[in-house]
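Notes for the one structure printed next.
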Amino acid sequence: MKTSSLLMSTTRETPADAVVISHQLMLKAGLIRLLAGGLYNWLPLGLRVLRKVENIIREEMNKAQAQEILMPVVQPIELWQESKRDDEYGAQLLRIKDRHGREFILGPTHEEVITDLVRKEIHSYKQLPINFYQIQTKFRDEIRPRFGVMRSREFIMKDAYSFHLNQESLAETYQQMYDTYCNIFTRIGLDFRPVQADTGSIGGDRSHEFHVLADSGEDDIAFSTQSDFAANIELAEALAPSKKRAEPTTKLTKVATPNKHSIEEVCDFLQLKKKKILKTLLVQGATEKYPVIALVVRGDHQLNEIKAQKLELVGEPLTMATEEQIQQAVGCQAGSVGPVNITIPVIADRTAAHCSDFVCGANQDGYHLIGANWDRDANLTIVADIRNIVKGDPSPCGKGKIEIKYGIEVGHIFQLGNKYSTALNANVLNENSRSQTLEMGCYGIGVTRIVAAAIEQNYDHKGIIWPESIAPYQVCIVPMQMHKSPRTKKATIQIYNQLIAMGIEVLLDDRKERPGVMFNDMELIGIPHRIVIGERGLDKGEIEYKHRGDEKSQDINQNEFMEFLTRKLI
RNA sequence: CGGGGUGUAGCGCAGUUUGGUAGCGCACCACACUGGGGGUGUGGUGGUCGCAGGUUCAAAUCCUGUCACUCCGACCA
């Protein structure tokens, strides 16, 4: 390809709207352009990268005996009513009507469609297990699209769905997909981690997310410093302190804390560390008997809503109690609530339950209690893990301490079980001629997001540094004064043609631009291998080579150049 | 959905307070010089100032409404 005929829309200035580096660089390098909120055009260079990612995924999926299919983006609403997910998905599901007034949705995912297909096509256990995948556009009407293609409304996803007669077979394919995902992300050249994850509203039993580690990641991942344990912070268990709780040493005393509500204010006022205070949050209960529940965590900890809402007494989804409810339940404002002399059920976090001589709200506006202790002053009935794990906590795996890093979720695999096959009645006959509900797994990869994630991990002040596997072109040729020097032109065209004949993707910058412009553009768009040809080198019988990640270029003897380059390209 | 910000040429912005001929830089086009890191000069192209309504002799500027984009938060396979 020659740059003279390529749409290479590089810009000098950084667009004001882009905040993360990958978004900025994708715009600057002319990979994508915004059409509307969360909707992007992919320009030629960007699309080449996208296709490379797709092809790696496709090859690895095929290797794992998965079969590629293609399902429609537009799906009839009836399927979603059948699975009861039309309500569950809510506003994120974009609904449309056709000319006859029939309702459709733009597919945010394809569990329903594939399950429908399978219930129609698969009838015998002999056809199992089977694994289908597609690389297809999805649409999710995100509340807040942001970070370019990292969180867009329309995006491309590789989604796979496997079907099984039993749990063992599902577990086998799940493991195979786990390995396949590792192969895919390794081949792409990403620094990634498989992470234990919450199954979320998609349902199911076992789940791993695959995260690319980057500062701009939207997920918090907890790692062990001494093992390969990694879990989404939503899920990571905060262990109970191993030591016994200290005995009370102080008297329970009420102190005035006028207009001090937040943990910070009270700490400031009483000159305390945050960990000496217990934070009491009131949430909606699950039953009429207990409409309000108190959740107690240590002042320096954060409530983990996902853990909390899994508790029996707690309403789902987790909702904070209203002011009226708080007044009615404890007779004071939210900032003065505490577990002492409270009539509603109290659920204490494991670490909070381990505190002694603590400070808490007095259940009276303007007052807190100091020197409070469990059992002596407050009933400790329910203890549970309801906080976010934090840096320095012991790892739940038993080895090492916890470190928190940010991750970009690029893959997610689930063992769904029979949620959809039951809802949609997907059965096969087993070897006893009995109808049996299918077990199901699903496996997603955010294809467009991978492009952004790869940039987040591979860039410098000049621009993108593509991993070789997904670079839009492997090699670029930057000739010096080619339009004035027949010698340079001849050498350039010769190498260009040779590389093309070898099947190498090469980009020749044949624009009548100054060298600086060409260098800057090629570095911005991140082509891994650069060849510079000019009279200066030719006089010495040399051609210049530089890798995008290298500090310096090297001059290679003209006669040995192709051999040299071929070795670099392996 | 709550709170903030911004809409003026392809991009980045000034002009709005105090109403009076639509500006700058980059990009783009032409020519010349230049030529190993976004070079220089000369001359150009391009905007119903997001949209609608109102006030006024006169609106990018003031008022009302509306739409879009964006940031923070909540939300979220």
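In what follows, chains carry the letters A, B, and so on, assigned in the order in which the sequence lines appear, proteins first and then strands, with residues in each chain numbered from 1. When reading the values below, keep in mind they use all heavy atoms of this one structure, side chains included, and skip hydrogens, waters and symmetry mates.
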- Message: Distance check, P atoms only: B:G10 and B:G46, in whole angstrom units.
- Response: 12 Å
From the candidates B:G37, B:C75, B:A77, the one with an atom nearest any side-chain atom of A:R146 is B:C75
Reckon A:G534 touches a base, only the sugar-phosphate, or nothing at all at heavy-atom distances under 4.0 Å? base
A:K484 atom NZ is separated from B:A32 atom C1', nearest whole Å, by 11 Å
| message | Taking donor-acceptor contacts at under 3.5 Å, does the side chain of A:E513 reach the base of B:G38? | response | no
Using a heavy-atom cut-off of under 4.0 Å over every strand shown, decide if A:N520 touches base, sugar-phosphate, or nothing.
base
With the side chain defined as heavy atoms from C-beta on, A:E409 is closest, among B:A77, B:C76, B:G38, to B:A77
A:L318 atom CG is separated from B:A74 atom P, nearest whole Å, by 13 Å
Side-chain atoms of A:L524 come closest, of B:G38, B:A74, B:A77, to B:G38
Taking B:U70, B:G38, B:A74 as options, the one with an atom nearest any side-chain atom of A:I143 is B:A74
### Task
Determine whether the side chains of A:Y161 and A:D159 contain a donor N or O and an acceptor N or O closer than 3.5 Å.
yes
message = Under 4.0 Å, counting only non-hydrogen atoms across every strand here, what does A:E209 touch: a base, just sugar-phosphate, or nothing?
response = nothing
### Query
Within the structure shown, what part of the strands sits under 4.0 Å from A:Q92 by heavy-atom distance: base, sugar-phosphate, or nothing?
sugar-phosphate
Which of A:R530, A:K568, A:H529 passes side chain to side chain donor-acceptor pair (under 3.5 Å) with A:Y545? Answer is A:H529
- [ ] Quick one: label A:R530 by what it contacts on the DNA or RNA (base, sugar-phosphate, nothing), any heavy atom closer than 4.0 Å.
- [x] base
Under a 3.5 Å limit on both distances, the Watson-Crick or wobble mate of B:C24 is B:G12
When A:M157 and A:T11 are each assigned the nearest nucleotide of RNA chain B, the 5'-most assignment goes to A:T11
In whole angstroms, the gap separating P of B:G37 from CG of A:D460 amounts to 18 Å
For B:U56, the nucleotide meeting Watson-Crick or G-U wobble distances (both under 3.5 Å) is none
Could you walk me through whether A:H110 and A:Q136 satisfy the side-chain hydrogen bond (donor to acceptor under 3.5 Å, both in side chains) test, starting with their C-alpha distance in whole Å, then the side-chain angles of each, then the deciding distance to 0.1 Å, before giving a yes or no? CA-CA 10 Å; A:H110 283 74; A:Q136 172 66 295; 5.1 Å; no
| said: When the P atoms of B:A9 and B:A60 are compared, how many Å lie between them, rounded to an integer? | reply: 14 Å
* **Donor-acceptor pair between A:T10 and A:D521 side chains, under 3.5 angstrom** => yes
Rounded to whole Å, CD of A:Q24 lies from P of B:C11 at a distance of 17 Å
Per nearest nucleotide of RNA chain B, the residue lying toward the 5' end, A:H110 or A:H23, is A:H23
Here the distance between atom C1' of B:G39 and atom CE of A:M480, to the nearest Å, is 15 Å
How far does the P atom of B:U48 sit from the matching atom of B:U34, given to the nearest Å? 40 Å
Donor-acceptor pair between A:E456 and A:S22 side chains, under 3.5 angstrom:
yes
#### Entry: OP1 or OP2 of B:C11 under 4.0 Å from side-chain N/O of A:R12
no
Classify the angle between the aromatic ring planes of A:F210 and A:F185 as parallel (below 30°), tilted (30 to 60°) or perpendicular (above 60°). tilted
>> Could you tell me how far B:G25 sits from B:G38 if I compare only their C1' atoms? Round to whole Å.
In response: 14 Å
Q | Span that lies between the P atom of B:C49 and that of B:U61, in whole angstrom | A | 9 Å
Whole-Å distance, A:D219 CG to B:A77 P, equals 12 Å
_Just to be sure I understand the rule, does A:V478 reach a base, reach only the sugar-phosphate, or reach nothing, if contact means heavy atoms closer than 4.0 Å?_
nothing
So CD1 of A:I233 and CG of A:N304: to nearest 0.5 Å the spacing works out to 8.0 Å
To the nearest angstrom, the CG-P distance between A:D17 and B:C11 comes to 10 Å
- Query: For the base of B:A77, is there a side-chain donor-acceptor partner from A:Y443 under 3.5 Å away?
  - Reply: no
Subject >> Distance, C1' atom - from B:A77 to B:G5, rounded to whole angstrom >> reply: 32 Å
Winner on side-chain proximity to A:R514, out of B:C69, B:G39, B:A77, is B:G39
Can you tell me, in whole Å, how much space there is between the P of B:C26 and that of B:C63?
35 Å
Scanning all shown strands, the Watson-Crick or wobble mate of B:C31 with both distances under 3.5 Å is B:G41
Side-chain contact check for A:D521: nearest option of B:A77, B:G38, B:C75 is B:G38
### Aromatic centroids of A:Y174 and A:F414 separated by under 6.0 Å
no
B:C51 -> Watson-Crick or G-U wobble partner, both distances under 3.5 Å, gives B:G65
Inset, instruction - Give one of base, sugar-phosphate or nothing for A:E218, where a contact means two heavy atoms less than 4.0 Å apart. - result: nothing
Among B:C69, B:C76, B:G73, the one nearest any side-chain atom of A:A36 is B:C69
Looking only at B:C69, B:A74, B:A27, the nucleotide nearest the A:R144 side chain is B:A74
*Spacing of the P atoms in B:C29 and B:U45 (rounded, Å)*: 15 Å
When rounded to whole Å, the CE to P distance for the pair A:M8 and B:G10 reads 22 Å
